[in-house]
*Asks:* 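Let me give you the structure first, and then I'll get to my questions.
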Amino acid sequence: MGKNKLRKFSEMEQIDFVFQYPWAELQKGGFPLRGRWHEDFFHNDRPIVLELGCGKGEYTVGLAEAFEDRNYIGIDIKGARMWTGATAARDRGMKNVAFLRTDIELLPYFFAPGEVAEIWITFPDPQMKKVRKRLTSTRFMELYRKVLVDGGIVNLKTDSPFLYTYTGIMARENGLGIECDTSDLYASGMATDILKIRTFYEQQWLDRGLTIKYLRFALDHGTELKEPEVEIEHDTYRSFSRGEIQCPHLCNPKVTKK
């Protein structure tokens, strides 16, 4: 591990709103704030909003800065990335933001039933070949139900036509209430303050001519979820891991994946 990563990990250990709880740590006695985020950490009863796979935490910080009447928690397994948002929130003295370094599949260990009001999924890997790893699959919807209030909101922002199409089909076939749906967010006129927040990589995708897709739907607790059986055309470009993007009509096709 490089010295820069070690420095970032060490610095995050000193930030009191960054929680790093791997599985082994959870086995020692559970997470102390589970069911008590409002009382013991945020010290208010404002809605709790999660950003899953938050990367550098730009969206988490942007939302928390723009909407002080809500509490925001960015979640990712990559600590070196999370350092960017965590240090920005610390330097700005923000009180309605936290970061949690853990696996998304462990959410129920950190939040009690109904403790979360809303979830944001921003530019995840579309997992075109692995439905079980797709963050908008019914498998993950069942996981989100364990922490969301009944009728809690799920937001997806993505550059991927595949993931956008799949998620729309999944929501409609399961009768989930779609509140907003656009295949071109910034051309649609739907880009309100909350949707205008752009991460570094989102701007890169826009600069390369890709449109941003957005879906917002309510996830109730009563519907029996069924995974849709449908063939969807795969994306014709490759979304590189939070970095380079290969786009046939605009980018050099010989760019190598990091």
Side-chain angles (χ1 to χ4, degrees), residues 50-55 76-77 103-105 107 119-146 148 151-188 190-191 195 199 201-202 204-258:
L50 308 183
E51 184 194 3
L52 305 183
C54 68
D76 206 302
I77 197 64
D103 193 302
I104 291 171
E105 295 190 33
L107 283 182
I119 286 174
W120 281 84
I121 305 169
T122 51
F123 303 98
D125 185 330
Q127 296 288 352
M128 290 181 282
K129 295 181 180 180
K130 300 176 181 179
V131 65
R132 283 181 57 80
K133 292 189 175 182
R134 211 170 290 158
L135 292 185
T136 57
S137 68
T138 54
R139 172 174 175 254
F140 275 92
M141 292 300 127
E142 294 288 9
L143 178 72
Y144 305 153
R145 279 176 163 177
K146 295 179 179 179
L148 275 173
I153 298 299
V154 177
N155 302 273
L156 171 70
K157 279 185 81 176
T158 181
D159 62 293
S160 167
F162 174 91
L163 187 62
Y164 166 71
T165 301
Y166 163 80
T167 306
I169 292 171
M170 183 282 299
R172 290 183 178 89
E173 288 195 2
N174 284 290
L176 305 181
I178 295 178
E179 299 182 357
C180 189
D181 179 358
T182 175
S183 61
D184 191 346
L185 176 63
Y186 298 110
S188 69
M190 295 182 183
L195 291 172
T199 68
Y201 292 118
E202 179 178 357
Q204 281 195 335
W205 285 315
L206 287 167
D207 291 344
R208 284 162 172 79
L210 301 176
T211 60
I212 303 304
K213 299 95 171 68
Y214 173 66
L215 273 169
R216 174 185 175 93
F217 56 89
L219 182 59
D220 66 76
H221 288 188
T223 306
E224 180 182 353
L225 299 179
K226 296 182 179 179
E227 187 62 36
E229 296 183 8
V230 60
E231 292 292 329
I232 301 171
E233 183 179 356
H234 283 199
D235 296 338
T236 56
Y237 68 97
R238 295 172 66 186
S239 285
F240 293 97
S241 56
R242 297 270 183 175
E244 295 174 287
I245 300 173
Q246 183 173 323
C247 184
H249 65 289
L250 290 173
C251 308
N252 182 355
K254 295 183 180 180
V255 173
T256 56
K257 185 175 180 180
K258 289 185 177 179

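All values reported here derive from a predicted model rather than from experimental measurement.
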*Asks:* Under the 3.5 angstrom rule, does the side chain of T138 hit a backbone N or O of M141 as a donor-acceptor pair?
*Replies:* no
*Asks:* Would the distance check show the side chain of T211 and the main-chain N or O of S183 forming a donor-acceptor pair, the cut-off being under 3.5 Å?
*Replies:* yes
*Asks:* Kindly compute the distance separating NZ (K213) from OG1 (T167), expressed to the nearest 0.5 Å.
*Replies:* 12.0 Å
*Asks:* So which atom in R145 and which in D220 form the shortest heavy-atom distance, rounded to 0.1 Å?
*Replies:* NE-O, 2.9 Å
*Asks:* Where do P228 and Y166 come nearest, in terms of heavy atoms and distance?
*Replies:* CG-CE1, 3.9 Å
*Asks:* Starting at CE of M128, measure out to CD of E233 and round the result to the nearest 0.5 Å.
*Replies:* 10.5 Å
*Asks:* Determine whether S137 and R132 make a side-chain contact, defined as any pair of heavy atoms from C-beta on separated by less than 4.5 Å.
*Replies:*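 The answer is no; the side chains never approach within 4.5 Å.
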*Asks:* So which atom in F162 and which in P126 form the shortest heavy-atom distance, rounded to 0.1 Å?
*Replies:* CE2-O, 4.0 Å
*Asks:* Can you tell me how far apart CE (M170) and CG (L156) are? Round to the nearest 0.5 Å.
*Replies:* 9.0 Å
*Asks:* Under the side chain to side chain donor-acceptor pair (under 3.5 Å) test against Y164, which residue among T136, D181, T158 passes?
*Replies:*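 Looking at T136, D181, T158, the match for Y164 under the side chain to side chain donor-acceptor pair (under 3.5 Å) is D181.
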*Asks:* Please check this pair: side chain of T223 against backbone of L225, looking for a donor-acceptor N/O pair closer than 3.5 Å.
*Replies:* no
*Asks:* Can you tell which of I121, N155, T122, D76 makes a side-chain contact (heavy atoms from CB on, under 4.5 Å) with E51?
*Replies:*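 Passing option: T122.
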*Asks:* What is the distance from atom SG of C180 to atom CD1 of I153, rounded to the nearest 0.5 Å?
*Replies:* 11.0 Å
*Asks:* Just by distance, do the side chain of H221 and the backbone of K146 share a donor-acceptor pair under 3.5 Å?
*Replies:* no
*Asks:* Relative to the ring of Y214, is the ring of W120 parallel (under 30°), tilted (30 to 60°) or perpendicular (over 60°)?
*Replies:*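 Because their plane-to-plane angle is under 30°, the rings of W120 and Y214 count as parallel.
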*Asks:* Could you work out, with side chain to side chain donor-acceptor pair (under 3.5 Å) as the rule, every residue matching Q127, not counting sequence neighbours?
*Replies:* none
*Asks:* Output, in order, the C-alpha distance, side-chain angles, deciding distance and verdict of side-chain contact (heavy atoms from CB on, under 4.5 Å) for K157 and F123.
*Replies:* CA-CA 6 Å; K157 279 185 81 176; F123 303 98; 4.2 Å; yes
*Asks:* Using every non-hydrogen atom in the two residues, find where P161 and D235 come nearest and quote the distance to one decimal.
*Replies:* CD-OD1, 3.2 Å
*Asks:* Considering non-hydrogen atoms only, spot the tightest contact between G53 and I104 and give its length.
*Replies:*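 Smallest heavy-atom distance, with atoms named: N-CD1, 3.7 Å.
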*Asks:* Give a yes or no on whether the backbone of I178 and the side-chain of R216 come within a donor-acceptor separation of less than 3.5 Å.
*Replies:*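 No; judged by distance alone, with no hydrogens or angles, the pair does not exist.
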*Asks:* Taking the side chain as every heavy atom from C-beta outward, state whether E105 and R139 have any pair of such atoms under 4.5 Å apart.
*Replies:*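 Yes. Closest side-chain heavy atoms under 4.5 Å.
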*Asks:* Could you give the distance from CG (L50) to CG (L107), rounded to the nearest 0.5 Å?
*Replies:* 6.5 Å
*Asks:* Please verify the inter-ring angle class for Y144 with F140; under 30° counts as parallel, over 60° as perpendicular, anything in between as tilted.
*Replies:* tilted
*Asks:* Apply side-chain contact (heavy atoms from CB on, under 4.5 Å) to residues L176 and V154 and explain how you reach the verdict.
*Replies:* CA-CA 10 Å; L176 305 181; V154 177; over 6 Å; no
*Asks:* Could you measure the distance from the CG atom of D184 to the CD1 atom of I212? Nearest 0.5 Å is fine.
*Replies:* 8.5 Å
